[in-house]
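Remarks on the structure that follows.
This structure is a prediction, so every number in the text was calculated from the model and none was measured.
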Amino acid sequence: MPVLPNNRGSKSIAAAEPDIQEHDVDILLLGGGMGNCGAAVEAARWAAEHAPHLKILLVDRAAVERSGAVAQGLSAINTYLGRNSVEDYVRMVRTDLMQVLREDLVYDLGRHVDDSVHLFEDWGLPCKIRDGDRVLDGMQAKALGKSLRNGDEPVRSGRWQIMINGESFKRIVAEAANKALGRAGIMEHIYIVKLLTDARQDNRIAGAVGFSLRENRIHIFRAGAVVAACGGAVNLYRPRSSGEGMGRAWYPVWNAGTTYAVCAEAGAEMTMMESRFVPVRFKDGYGPVGAWFLLFKAKGVNSAGEDYVVRNQDLLRHWRERGYAGGRVVPSCLRNHLLLQEVREGRGPVYMDTPGALAGAFAGLDREQRRRLEEEAWEDFLDMCVAQAGLWAAMNVKPEEQASEIMPTEPYLLGSHSGCCGLWVSGPDEDWVPEEYKIRADNGKVYNRMSTVNGLFTCADGVGASGHKFSSGSHAEGRIVGKQLVRWCLDHKDHKPMPRETPEELKSLIYRPWRTFVDNRHASTDPAVNPRYISPKNFMLRLNKCMDEYGGGVSTLYACSGASLRAGLKILEMLEEDAEKLAARDLHELMRCWENRHRLRTAYLHLRHLEFRRETRYPGFCYRTDCPEPDDAEWKCFVNSRCDPATGKTVLFRKPCLRLIADE
């Protein structure tokens with residue numbers, strides 16, 4: 001086949017007939033985010049002590065030091081228990097997730113998460129420390145010998161969050177993973193397309209296959225143990241930002257649901273794929289609001305200047321009478337619900353009262369202290385969302401003088417924040433964990449965070465039915481998995497993985513979009529519009545439109561019904577047919593094609609689960625207009641699904657939700 005010229009400028013590499021490179025490893029880590037950085041450190045440590053012969057390889061589509069949800073940086077670590085109890089942590093997560101969660105997984109994470117935060121600090125992350133009435137930044141605290149590991153009090157912005165100087169957060173964590181694995185143990189700029197299952201043993205992982213984004217090469221990885229941790233899913237729904245701002249999103253725009261798609265297609269049992277997260281953010285810039293609400297005690301107000309939480313207390317009381325929103329936490333979805341009430345009843349736009357918050361915070365402070373507080377307000381964006389600071393500057397906004405509009409974003413699918421979709425995995429092999437929450441492997445043993453596919457593990461956004469992990473919890477969960485990977489390999493040291501597909505079959509599958517373009521490019525004078533194929537951008541726009549209008553997106557204020565979901569599923573079925581005609585002009589578009597295949601599979605699971613759960617479990621995130629209330633008698637349970645890899649058919653079913661931690 002001919003080598004085509006580069007159609008998209010110097011940053012894209014023209015596609016050509018690829019060669020094939022095969023790799024044999026023991027442990028394969030897919031994804032370079034916080035989860036697998038934790039898995040890399042822990043697996044390398046346990047392998048060095050118990051199995052130095054094991055070969056560990058981390059594969060990432062980007063560069064590990066700027067990969068994942070923490071890529072830009074972070075101004076706070078959202079999960080650090082400190083003097084709080086693990087039991088209280090479980091209660092908080094249970095309240096925020098509207099009482100449907102795996103308490104064994106949340107408890108297990110809670111008892112390990114602080115260890116990861118202490119490691120971050122050891123590796124050089126500057127954590128802010130409270131010294132009496134003073135706030136010490138990371139460098140000041142270090143100079144005075146103060147640290148979280150020593151028991152010094154962090155600067156908190158809420159009960160569970162601590163403030164950091166975090167612009168380089170991910171680089172610091174990635175450096176530890178790089179040192180643990182060495183450069184030979186990391187491959188970057190490889191897009192994973194599919195997991196490989198074993199030809200000789202049903203329901204057994206055998207590796208993964210992907211392609212290079214820098215050269216025309218297919219990479220086939222044979223592995224006895226695999227961790228799929230490629231993040232959540234963004235751009236399933238039409239974003240609020242359009243045109244030149246379409247790339248703005250709260251969650252990383254490169255997260256295409258790969259974790260969910262490839263695991264589901266390999267036969268892994270999925271759970272709570274109806275759960276989505278709709279964060280409130282500053283409009284257009286998608287800047288975070290957490291520090292403003294928690295640290296600066298800002299209020300959200302409607303167009304008349306009324307506090308919308310106070311104005312809608314009766315609405316909140318309704319949910320409390322139903323047994324929700326009790327205790328110290330108002331669930332994230334219900335906070336959205338109160339905001340959306342203002343919009344529905346015509347009292348929007350809704351604003352963050354930044355002038356009022358800063359005026360209250362400035363009271364009693366001298367000039368220097370005020371200056372430091374203003375710096376904190378700007379640093380919140382400069383650490384993690386530079387675009388918001390740029391937008392404020394471009395629009396002549398001074399937050400101490402002018403309120404800024406806030407809005408709920410488009411929906412995202414993830415398992416590490418206030419959402420809990422993902423894989424059904426095993427809990428710890430301990431007596432207090434119910435047998436229903438343990439997955440027995442082919443040898444009868446239980447491996448923590450292993451999926452229903454033997455040898456396939458996940459962590460962070462991949463683990464379903466739990467949440468509120470954030471960056472620190474994702475890393476801690478990766479460390480939990482890292483130890484289990486070494487144990488798995490030692491227990492299966494004689495197994496040699498053998499994928500079902502041949503290298504040539506995999507090569508043909510992955511490069512099909514390029515061949516589609518080559519074979520049909522002469523049917524049109526515009527390479528982006530062709531009667532015989534569809535471009536990845538146009539495909540994504542069609543998916544976004546379908547999900548937005550029929551699956552409860554921003555245009556319907558997150559409302560859907562059984563009828564609209566079934567209509568959307570019909571459109572997705574046609575998109576599945578059209579996906580066979582996706583075309584790629586170069587390696588960049590080849591990546592976009594496979595992103596869309598993964599988004600489509602994730603979107604399909606989301607709509608199927610939404611249609612199956614006949615209740616409104618998460619008002620503010622999603623409304624089922626035909627069943628607008630929660631139905632605890634029928635639906636206080638997990639909705640799970642499994643795709644049969646042989647037939648492609650997906651079945652949905654329920655699993656019980658068990659309470660393990662008593663109320664206060």
Side-chain angles (χ1 to χ4, degrees), residues 32-42 44-45 63-84 109-110 112-131 134-158 160-181 252 288 290-291 294-295 372 375-376 378-386 416-417 459-460 468-480 482:
M34 294 293 289
N36 266 342
C37 281
V41 168
E42 201 71 14
R45 183 171 77 90
V64 177
E65 70 173 18
R66 287 296 189 187
S67 180
V70 188
Q72 279 196 84
L74 211 60
S75 62
I77 288 176
N78 295 80
T79 303
Y80 180 72
L81 271 63
R83 298 169 187 171
N84 295 305
L109 180 75
H112 291 103
V113 65
D114 285 9
D115 292 337
S116 276
V117 179
H118 295 159
L119 286 174
F120 301 157
E121 192 180 40
D122 293 344
W123 296 333
L125 179 68
C127 298
K128 298 181 181 181
I129 300 294
R130 190 170 296 283
D131 182 26
R134 291 195 305 162
V135 171
L136 305 177
D137 65 27
M139 296 306 293
Q140 291 171 325
K142 185 176 181 180
L144 294 174
K146 293 184 176 295
S147 70
L148 300 174
R149 188 179 286 280
N150 292 341
D152 290 303
E153 185 66 20
V155 176
R156 287 199 177 270
S157 57
W160 307 98
Q161 302 84 14
I162 63 173
M163 303 303 293
I164 61 174
N165 301 106
E167 186 278 333
S168 295
F169 186 12
K170 184 60 200 305
R171 300 188 70 176
I172 291 167
V173 174
E175 183 180 27
N178 284 328
K179 287 181 177 179
L181 299 181
L294 296 170
L295 185 64
R372 290 290 298 272
E375 288 178 355
E376 289 274 2
W378 283 96
E379 183 187 337
D380 187 41
F381 300 128
L382 296 174
D383 271 349
M384 59 191 292
C385 187
V386 177
S416 65
H417 206 292
C459 57
H468 278 264
K469 302 165 212 172
F470 303 101
S471 60
S472 53
S474 295
H475 188 272
E477 196 161 53
R479 289 171 53 233
I480 291 170

Q. Step by step, would you call Val155 with Ile164 a side-chain contact (heavy atoms from CB on, under 4.5 Å)?
A. CA-CA 8 Å; Val155 176; Ile164 61 174; over 6 Å; no
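- Around the CZ atom of Arg149, the shell of radius 6.0 Å holds more than 12 heavy atoms that belong to other residues, nucleotides or ligands.
- Glu477 places no side-chain N or O within 3.5 Å of a backbone atom of Ser474 that could act as its donor or acceptor partner.
- Distance check: Thr79 OG1 to Lys469 NZ gives 10.5 Å after rounding to the nearest 0.5 Å.
- Judged as a side chain to side chain contact (heavy atoms under 4.5 Å, CB included), and not counting sequence neighbours, the contacts of Ser75 are Asp380, Asp383, Met384.
- Heavy atoms only, all atoms of each residue included: Ala40 and Leu181 are closest at CB-CD1, 3.6 Å.
- Note that CG of Leu125 and CD1 of Ile172 are 5.0 Å apart. Values are rounded to the nearest 0.5 Å.
- By the 4.5 Å heavy-atom criterion applied to side chains, Ile162 and Val117 are counted as neighbours.
- Arg83 pairs by the side chain to side chain contact (heavy atoms under 4.5 Å, CB included) definition with Glu153, not counting sequence neighbours.
- Interatomic distance, OG of Ser116 versus CG of Asp122, reported as 11.0 Å (0.5 Å rounding).
- Residues satisfying the salt bridge (charged side-chain N to carboxylate O under 4.0 Å, His left out) test with Arg130, not counting sequence neighbours, are none.
- Across every non-hydrogen atom of Arg156 and Asn84, the tightest pair is NH2-ND2, 4.1 Å.
- Residues that satisfy the side-chain hydrogen bond (donor to acceptor under 3.5 Å, both in side chains) test with Ser168, not counting sequence neighbours, are absent from this structure.
- In this structure Lys170 satisfies the side-chain hydrogen bond (donor to acceptor under 3.5 Å, both in side chains) test with no other residue, sequence neighbours excluded.
- Residues forming a side chain to side chain contact (heavy atoms under 4.5 Å, CB included) with Ala76 (at least two apart in sequence, or on another chain): Met163.
- Residues forming a ring-ring contact (aromatic ring centres under 6.0 Å, His included) with Phe120 (at least two apart in sequence, or on another chain): Phe169, His475.
- Under the salt bridge (charged side-chain N to carboxylate O under 4.0 Å, His left out) criterion, Asp115 pairs with no residue at all, not counting sequence neighbours.
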Q: Decide side-chain contact (heavy atoms from CB on, under 4.5 Å) for Cys37 and Val64; before the verdict, give the C-alpha distance in whole Å, the side-chain angles of both, and the deciding distance to 0.1 Å.
A: CA-CA 8 Å; Cys37 281; Val64 177; 3.8 Å; yes
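- Taking Ala71 as the reference, Trp254 meet the side chain to side chain contact (heavy atoms under 4.5 Å, CB included) condition, with sequence neighbours excluded.
- The shortest non-hydrogen separation linking Ser416 to Ala460 is CB-C, 4.4 Å.
- With sequence neighbours excluded, no residue forms a side-chain hydrogen bond (donor to acceptor under 3.5 Å, both in side chains) with Gln72.
- One finds the NZ atom of Lys179 at 4.5 Å from the CD atom of Glu175 (value rounded to the nearest 0.5 Å).
- Considering NZ of Lys128 and CG of Asn165, their distance stands at 5.0 Å, rounded to 0.5 Å.
- The backbone N or O of Tyr80 lies less than 3.5 Å from no partner atom in the side chain of Asp114, so there is not a single donor-acceptor pair.
- When the salt bridge (charged side-chain N to carboxylate O under 4.0 Å, His left out) test is applied to Arg45, the partners found at least two apart in sequence or on another chain are Glu42.
- The aromatic rings of His417 and Phe470 stand perpendicular to each other, their planes meeting at an angle above 60°, with 30° marking the opposite boundary.
- With hydrogens and angles disregarded, no donor-acceptor distance shorter than 3.5 Å links the side chain of Asn36 to the backbone of Ala39.
- When all heavy atoms of Gly473 and Leu109 are compared, the closest pair comes out as O-CD1, 3.1 Å.
- When the ring-ring contact (aromatic ring centres under 6.0 Å, His included) test is applied to His112, no partner is found at least two apart in sequence or on another chain.
- Between the side chain of Asn150 and the backbone N or O of Asp152, no donor-acceptor pair lies under 3.5 Å.
- Scanning both residues, Gly68 and Pro252, for their nearest heavy atoms gives O-CG, 3.8 Å.
- In this structure, Asp131 and Gln140 have side chains that are not in contact, with every pair of non-hydrogen atoms separated by 4.5 Å or more.
- Note that SG of Cys127 and CG of Leu136 are 12.5 Å apart. Values are rounded to the nearest 0.5 Å.
- Contact between Val113 and Ala476 at its shortest, heavy atoms only, is CA-CB, 3.8 Å.
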